Amino acid sequence: MIDVPLSALEVAMVQTGTRAVETLRDTTAFAQGLERLGYHRIWYAEHHHSPAIGAFPPVVLTAHAAASTSAIRLGSGGVLAPNHAPLTLAEQFGTLAALHEDRIDLGIGRGPGTFDEATARALRRGAGPTTDAEYHGDVAAILTFLVDEVALGSLPEPWLLVSSTAGAALAARLGLPIAVAHHIRPDNTRAVLERYRSAFTPSRWCEQPRVLVCVEAVCAETEEEAAWRVGPMDVIKAGLLKGLSEFPFPTPADAAAHPFTAEERRALAGFRAQQAVGTPVTVVQRLAQLAAETGADELMLTTPVYDLHDRIRSYELIKKYSEATTATTSTTAP
């Protein structure tokens, strides 16, 4: 039984054989589909100069999805502070929060959102990588501007995206809720949570530690079908292990024919064991286990599969089986 809210991370993968504009249009159907299924929130990731991921600004996707839905929470997961002026982010998300009261989140991250150094420098107007002090200053400035400069009434809910103990320490010091990137660096999750909870200082944003854990979740009616659907992302991960990043998101058939090395297969199997892939029974049990192990207040699922229908179906299977399990447990409880 999963007894915490379920949410989704939209990465907007551009499928081989399609155009980015088709992926962009799919984001609307995705948001509407997950709202119908009862998911709590959707966040949009920031990426640049990638043939596999659309370069769609999270603030634009959030605005469009908010206008295309009525209740689901929406926001960035995350908007990358080094690429934007703090006042600009505060104005953008403050305006969205005023237009869509109690529905907008401002998830803040640090990375450049690209593997290409020239693109990173272009985003930062020629500046080099951000230092720890600069990043900390940017996050603090965004929060200050939200309150002191924008002041439009309803504020976006700020979160810090975290994959390291350094990020956890910053979130704890500022009293922010954290979104833990278990889907990227699962081996860091335990240390991140320990650092965050032990050092947390209450703030106007959060009175006590609040944790969202993001996990890769791919669900299908059979284990074989789930493995087929997760294949394209396995190819992407295998490429990253080799230091490669400039290739499109392959079809499941192309992924099935991909010549993985024995070392890659071991690494992928190790990663998958820490995520949630398989039938509804397998996935829901794994998510429940992860929620219990981490003490998460919420789970955010990222489902990088090739077809929009299959992706929404994965979320549907998880939600329906989770609700059915919860109902059965409630009925049989003494």
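Just so it is clear, the structure is predicted and the values come from calculations on it, not from any experiment.
Gly111 and Leu80 get closest at one heavy-atom pair: O-CD1, 3.0 Å. Shortest non-hydrogen contact noted between Ala29 and Leu308 is CB-CD2, 3.9 Å. Taking both residues in full, the closest heavy atoms of Ala169 and Arg195 are given as CB-NH2, 3.7 Å, listed atom of the first, atom of the second, then distance. The two residues Ala97 and Ser154 have their closest heavy-atom pair at CB-O, 3.4 Å. Nearest heavy-atom pair across Val305 and Asp310 is CG2-C, 4.1 Å. Among all heavy-atom pairs drawn from Pro156 and Leu106, the shortest one is CB-CB, 4.2 Å.
The hydrophobic clustering, which links ILVMFWY residues whose side-chain heavy atoms are closer than 4.5 Å, places Ile236 and Val218 apart. Under the 4.5 Å side-chain heavy-atom criterion for grouping Ile, Leu, Val, Met, Phe, Trp and Tyr, Leu9 is not connected to Val277 through any hydrophobic cluster. Note on Val79 and Leu143: same hydrophobic cluster, where clusters join Ile, Leu, Val, Met, Phe, Trp and Tyr whose side-chain heavy atoms are under 4.5 Å apart, directly or indirectly. If you chain together hydrophobic residues whose side chains sit under 4.5 Å apart, Ile184 and Ile178 never meet in one group. When the side chains of ILVMFWY residues are joined at heavy-atom separations under 4.5 Å, either directly or via intervening members, Val235 and Met233 end up in two distinct hydrophobic clusters.
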Fill in: side chain to side chain contact (heavy atoms under 4.5 Å, CB included) assessment of Val147 paired with Leu155
CA-CA 8 Å; Val147 177; Leu155 294 175; 4.3 Å; yes
Discussion item. The test is side chain to side chain contact (heavy atoms under 4.5 Å, CB included); show your working for Thr62 and Tyr44 and say whether it passes.
Written reply: CA-CA 7 Å; Thr62 299; Tyr44 299 98; 3.7 Å; yes
Practice prompt. Would you check, one step at a time, whether the test salt bridge (charged side-chain N to carboxylate O under 4.0 Å, His left out) holds for Glu293 with Arg190?
Written response: CA-CA 9 Å; Glu293 290 174 350; Arg190 181 185 296 274; over 6 Å; no
Item to complete: Apply side chain to side chain contact (heavy atoms under 4.5 Å, CB included) to the pair Thr294 and Val180, showing each step before the final yes or no.
Response: CA-CA 10 Å; Thr294 61; Val180 182; over 6 Å; no
Practice prompt. Could you give me the CA-CA distance, side-chain angles and deciding distance for Leu24 and Leu61, then say whether side chain to side chain contact (heavy atoms under 4.5 Å, CB included) is met?
Written response: CA-CA 9 Å; Leu24 182 59; Leu61 293 182; 3.5 Å; yes
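In this structure the side chain of Pro304 never reaches within 4.5 angstrom of the side chain of Pro232, judged on heavy atoms. Glu216 is listed as a side-chain neighbour of Val230, based on a closest heavy-atom distance under 4.5 Å. The side-chain heavy atoms of Leu287 and Leu301, taken from C-beta on, include a pair separated by under 4.5 Å. Thr165 places none of its side-chain heavy atoms less than 4.5 Å from the side chain of Asn188. You'll find the side chain of Phe260 reaches within 4.5 Å of the side chain of Leu268, heavy atoms only. Taking the side chain as every heavy atom from C-beta outward, Thr95 and Leu99 approach each other to under 4.5 Å. You'll find the side chain of Trp228 stays beyond 4.5 Å of the side chain of Glu224, heavy atoms only. In this structure, the side chains of Leu74 and Arg41 stay at 4.5 Å or more apart for every pair of heavy atoms.
Atom NE2 of His258 has more than 12 heavy atoms from other residues, nucleotides or ligands within 6.0 Å.
Contact check on Glu264 versus Lys237 returns no salt bridge, with no Lys/Arg side-chain nitrogen under 4.0 Å from an Asp/Glu carboxylate oxygen. Of the charged side-chain nitrogens involved, at least one lies within less than 4.0 Å of a carboxylate oxygen, so that Glu22 and Arg19 count as a salt-bridged pair. The residues Lys242 and Glu263 are annotated as not salt-bridged, no charged nitrogen and carboxylate oxygen being separated by less than 4.0 angstrom. With salt bridges taken as basic N to acidic carboxylate O contacts below 4.0 Å, none links Arg229 and Asp234. Under the 4.0 Å criterion applied to side-chain N and carboxylate O atoms, Glu316 and Arg313 are assigned as salt-bridge partners. One finds no salt bridge joining Arg73 and Asp102 here, because no Lys/Arg side-chain nitrogen approaches an Asp/Glu carboxylate oxygen to under 4.0 Å.
Under 3.5 Å, the side chains of Thr282 and Glu223 contain a donor-acceptor pair of N or O atoms. Checked by atom type, the side-chain pair Asp26/Thr23 shows no donor-acceptor distance below 3.5 Å. A donor and an acceptor atom, one from each side chain of Glu46 and His48, are located under 3.5 Å apart. Side-chain polar atoms of Gln285 and Gln289 form no donor-acceptor pair below 3.5 angstrom.
Here Ile42 contributes atom CD1 and Asp105 contributes atom CG; the two are 11.0 Å apart, rounded to the nearest 0.5 Å. Arg311 CZ to Leu34 CG: the interatomic distance, rounded to the nearest 0.5 Å, is 8.5 Å. Note that CZ of Phe93 and CD1 of Ile142 are 9.5 Å apart. Values are rounded to the nearest 0.5 Å. Rounded to the nearest 0.5 Å, atoms SG (Cys214) and CD (Gln275) are 8.5 Å apart. Annotation: the span from Ser322 atom OG to Leu299 atom CG amounts to 9.5 Å, rounded to 0.5 Å. Glu225 CD to Ser314 OG: the interatomic distance, rounded to the nearest 0.5 Å, is 10.0 Å.
Legend: ring pair (Phe, Tyr, Trp, His ring centres under 6.0 Å) pairs involving residues 170-197, not counting sequence neighbours, sorted by first then second residue: Tyr196-Phe200.
Judged by distance alone, with hydrogens and angles left aside, the side-chain atoms of Thr251 form a donor-acceptor pair with the main-chain N or O of Asp254 at under 3.5 Å. Distance alone, capped at 3.5 Å, is enough to place a donor-acceptor pair between the Arg286 side chain and the Gln274 backbone. Although no hydrogens or angles enter the test, the distance criterion places a donor-acceptor pair under 3.5 Å between the side chain of Gln32 and the main chain of Ser68. Between the side chain of Ser76 and the main chain of Gly107, a donor-acceptor pair closer than 3.5 Å is present. The backbone N or O of Ala98 sits nowhere less than 3.5 Å from a side-chain atom of Glu101 that would complete a donor-acceptor pair. Within the 3.5 Å criterion, the main-chain N or O of His84 finds no donor-acceptor partner in the side chain of Thr88. Side chain of Thr69 to backbone of Ala71: no donor-acceptor contact under 3.5 angstrom is found. Counting only distance, with no hydrogens or angles, the side chain of Asp297 and the backbone of Val211 share a donor-acceptor pair below 3.5 Å. With hydrogens and angles ignored, the 3.5 Å screen pairs no side-chain donor or acceptor of Ser7 with any backbone N or O of Met300.
Taking the centre of each ring, Tyr315 and Tyr39 come in below the 6.0 Å mark.
Applying the side-chain contact (heavy atoms from CB on, under 4.5 Å) rule to Leu87 yields the partners Glu91, Phe145, Glu149; only residues at least two apart in sequence or on another chain are considered.
Put simply, the residue from Arg210, Arg204, Arg103 that forms a salt bridge (charged side-chain N to carboxylate O under 4.0 Å, His left out) with Glu157 is Arg210.
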